[in-house]
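Please read all numbers here as calculations on a predicted model, not as lab measurements. Throughout, protein chains are lettered first and strands after them, A, B, ... in sequence-line order, and every chain is numbered starting at 1.
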Number of protein chains: 2
Amino acid sequence: MTTNNKTNENINTWISQINTEFKAAVSVDCVIFGYDENHLRVLLLESDMPPFEGKYSLVGDLCHPHENLDESAKRVLFERTGLKDVFLEQVKTFSDIDRHPLGRVITTAYYSLVKLNENLFRIEKENPKLKWKKVSSITELAFDHNVIFDNCVKQLRYRLRDKPIGFKLLPKKFSLKQLQNLYEKVLDIELDKRNFRRKLKALDLLVDLNENQSDVNHRPAKLYSFDPEKYENKRKKGFNFEL
Amino acid sequence: MTTNNKTNENINTWISQINTEFKAAVSVDCVIFGYDENHLRVLLLESDMPPFEGKYSLVGDLCHPHENLDESAKRVLFERTGLKDVFLEQVKTFSDIDRHPLGRVITTAYYSLVKLNENLFRIEKENPKLKWKKVSSITELAFDHNVIFDNCVKQLRYRLRDKPIGFKLLPKKFSLKQLQNLYEKVLDIELDKRNFRRKLKALDLLVDLNENQSDVNHRPAKLYSFDPEKYENKRKKGFNFEL
DNA sequence: CCAAAAGTGTTTGTAATACACCCATGG
DNA sequence: CCATGGGTGTATTACAAACACTTTTGG
């Protein structure tokens with residue numbers, strides 16, 4: 001037997017509920033991943049909100065009245081890093097009633113990918129509460145941010161095999177070794193050099209720049225760049241990235 | 001150069017923002033998928049909200065103050081179908097400013113899977129505004145529900161290859177043909193009968209019930225059921241469902 | 001000429017694909 | 001005995017995995 005006791009709904013119920021207590025603050029939290037050729041890092045902020053003073057938290061903010069969530073996330077990212085046009089993907093929304101000490105705050109998690117450079121490390125100096133922490137070193141975060149963080153790491157690992165987003169963590173020009181390192185570090189696996197290179201050649205998404213590394217005291221590696229147009233064309237024809 | 005102009009944030013800003021205009025109504029929308037041995041269907045509700053009167057919409061409701069979003073979705077599902085313990089997965093949150101005619105409503109989409117039977121078809125009779133529509137027949141929905149719906153269909157198709165959720169759309173006892181049909185219909189592909197069966201045998205997740213179909217005017221098919229424990233054990237050992 | 005990392009092919013095993021006939025039941 | 005869908009095996013091909021030596025550069 002079905003209950004189906006919702007036949008009495010109507011617009012007025014909605015209007016009155018929307019305008020009374022059926023409201024919540026809405027926020028975004030961004031897991032900003034950066035890669036510095038050796039470690040996957042995440043930008044964290046030392047919290048000053050009781051009872052989490054001193055703990056690190058993800059960077060986030062309330063969703064402003066004139067923004068949708070994507071725009072809020074973009075703004076948070078810009079305010080914290082100065083970067084625009086950064087890769088951002090929504091992951092999940094977290095809504096447990098007591099997740100925030102100041103009241104009901106529903107938050108939507110995003111992760112984003114940035115190439116770490118000196119400019120970005122400088123933000124640690126400009127605001128000592130901001131830190132690029134190694135992902136492998138994360139322990140206890142403020143609020144429910146451990147759960148949010150874990151979800152985003154999982155999503156990143158999933159997507160990395162699924163979509164050509166790894167390139168967003170590397171400089172425009174990179175060697176195949178750098179790329180392989182990235183996959184090994186982020187996914188915590190080991191890859192066979194020759195098989196990895198054969199696979200990438202088969203994917204046919206990289207441009208050989210006919211340039212070499214310089215200033216290395218060993219044989220310099222050839223440099224490549226990722227060709228987004230080539231990928232887009234292939235994708236439209238039914239090609240699926242997989243690595 | 002980074003801007004990093006957020007160093008002036010503090011708790012009081014948050015408290016005042018949370019308690020003033022920085023609030024939104026929060027809702028869930030459920031894409032309830034049902035399978036009737038031939039068609040993938042979705043439960044839709046004829047809307048009475050201007051300017052969408054007569055258009056069909058997903059079933060949803062506001063998130064109540066004492067609920068998190070998962071609980072809201074479960075409640076919506078129960079109120080509409082009378083079912084508890086139904087598979088539900090959060091898909092994405094939609095937040096465009098003008099997405100709802102009554103004001104700012106941020107909605108989180110879920111999809112769920114139910115086995116269609118006479119009981120469930122009865123809800124169409126009890127509330128003539130509810131309809132189990134064929135997924136393949138969906139055209140224009142109310143609000144931004146086409147986008148939400150498309151996202152959920154995509155997620156379902158993705159998950160179906162990835163996790164053993166197809167069984168949730170079938171009766172407890174099913175034939176291999178029924179299972180194959182499900183995959184073919186939902187994913188809109190054709191599968192080779194022998195290869196499909198070999199693959200399922202290799203996965204080793206089904207229990208041979210030593211029962212046959214009855215009341216068919218041809219050779220009766222053997223019946224199987226899915227063994228969730230077996231799957232859980234294998235999953236823990238690193239096994240990944242893939243089909 | 002030495003150290004360090006770049007670059008390159010072949011073999012072997014495993015999984016995906018393609019494909020056609022006999023079987024059991026009800027009418 | 002006929003119609004209907006159920007059930008089964010093999011050969012071929014493509015992809016994944018394992019593996020070691022030569023090359024280029026800087027110091």
Side-chain angles (χ1 to χ4, degrees), chain A residues 36-38 160-162 170-171 173-185 187-226 234 237-243, chain B residues 36-39 160-162 164 170-171 173-185 187-226 234 237-243:
Chain A
D36 66 359
E37 298 290 316
N38 239 330
L160 198 60
R161 317 202 71 138
D162 201 43
L170 289 177
K173 304 174 176 187
F174 53 85
S175 69
L176 294 176
K177 189 66 193 298
Q178 284 178 292
L179 187 60
Q180 183 181 339
N181 264 334
L182 168 71
Y183 273 85
E184 292 184 327
K185 287 274 162 55
L187 298 175
D188 195 28
I189 54 174
E190 293 208 342
L191 295 168
D192 179 272
K193 181 162 62 162
R194 283 178 283 192
N195 293 337
F196 183 78
R197 283 159 186 248
R198 182 181 21 260
K199 209 159 175 178
L200 263 128
K201 188 173 280 183
L203 286 176
D204 187 29
L205 294 171
L206 299 187
V207 184
D208 183 341
L209 297 172
N210 292 311
E211 278 181 69
N212 289 342
Q213 283 181 318
S214 50
D215 302 328
V216 285
N217 66 341
H218 59 266
R219 176 174 177 176
K222 300 188 69 174
L223 295 177
Y224 297 84
S225 69
F226 172 67
K234 286 179 167 244
K237 287 174 192 154
F239 165 83
N240 266 313
F241 184 87
E242 201 163 321
L243 220 154
Chain B
D36 67 357
E37 299 290 315
N38 241 327
H39 297 286
L160 198 60
R161 318 203 69 139
D162 199 45
L170 289 178
K173 304 174 177 186
F174 53 84
S175 69
L176 294 177
K177 190 65 193 299
Q178 284 179 293
L179 187 61
Q180 183 181 341
N181 264 333
L182 169 70
Y183 273 85
E184 292 184 329
K185 288 275 161 57
L187 299 176
D188 195 27
I189 53 174
E190 292 208 338
L191 294 168
D192 180 90
K193 179 160 64 162
R194 283 178 284 190
N195 295 337
F196 182 79
R197 284 160 187 247
R198 185 184 15 261
K199 207 158 178 179
L200 264 128
K201 188 173 279 183
L203 286 176
D204 186 29
L205 294 171
L206 299 186
V207 184
D208 183 342
L209 297 171
N210 291 313
E211 280 181 67
N212 289 342
Q213 284 181 317
S214 50
D215 302 328
V216 284
N217 67 340
H218 57 266
R219 176 172 175 178
K222 297 189 71 173
L223 295 178
Y224 296 84
S225 69
F226 171 67
K234 284 175 168 251
K237 287 174 192 155
F239 165 85
N240 267 313
F241 184 87
E242 201 162 323
L243 218 153

Note, DNA chain D 5' to 3' with Watson-Crick or G-U pairs under 3.5 Å encoded as ( ), [ ], | and . gives |||||||||||||||||||||||||||
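Within the 4.5 Å cutoff, side-chain heavy atoms of A:Asp208 are placed close to those of A:Asn210. Using a 4.5 Å heavy-atom cutoff, the side chains of B:Asp204 and B:Phe239 are not in contact. Within the 4.5 Å cutoff, the side chain of A:Leu243 has heavy atoms near those of the A:Leu200 side chain.
One can place CZ of A:Phe174 at 16 Å from C1' of C:dA6, the figure rounded to the nearest angstrom. As a whole-Å value, the separation of A:Asn181 CG from C:dA6 C1' is 13 Å. Atom NZ in B:Lys222 sits about 17 Å away from atom P in C:dC23, given to the nearest Å. Here the C1' atom of nucleotide C:dG7 and the CG atom of A:Asp208 are 13 Å apart, to the nearest Å. In this structure, the NE2 atom of A:His218 is 20 Å from the P atom of D:dT22, given to the nearest Å. What separates CZ of B:Phe196 from C1' of D:dT8 is a distance of 16 Å, to the nearest Å. For B:Lys177 and D:dT4, the NZ to C1' distance is 11 Å, given to the nearest whole Å. Atoms CG (A:Leu179) and P (C:dG7) sit 13 Å apart, rounded to a whole Å.
Residue B:Asp192 has its side chain nearest to C:dC19 when only D:dG7, C:dA6, C:dC19 are considered.
Mapping B:Asn217 and B:Leu176 onto DNA chain D by nearest heavy atom places B:Asn217 closer to the 5' end of the strand. In this structure, A:Asn195 and B:Lys193 both approach DNA chain D, and ranking their closest nucleotides by distance from the 5' end singles out B:Lys193.
Between the side chain of B:Tyr183 and the backbone N or O of B:Arg161 there is no donor-acceptor pair closer than 3.5 Å. B:Lys193 places no side-chain N or O within donor-acceptor distance of the main-chain N or O of B:Gln180, the cut-off being under 3.5 Å.
To the nearest 0.5 Å, atoms CZ (A:Arg197) and CG (A:Asn195) are separated by 11.5 Å.
Applying the 3.5 Å distance criterion, the base of C:dA20 shares a donor-acceptor pair with the side chain of B:Arg194. Between the base of D:dT10 and the side chain of B:Arg198 there is a donor-acceptor pair shorter than 3.5 Å.
Considering only side-chain N and O atoms, A:Arg219 lies nowhere under 4.0 angstrom from the phosphate OP1 or OP2 of D:dG26.
Among the heavy atoms of the strands, none lies under 4.0 Å from B:Asp215.
Contacts of A:Tyr224 classified as ring-ring contact (aromatic ring centres under 6.0 Å, His included), with partners at least two apart in sequence or in another chain: none.
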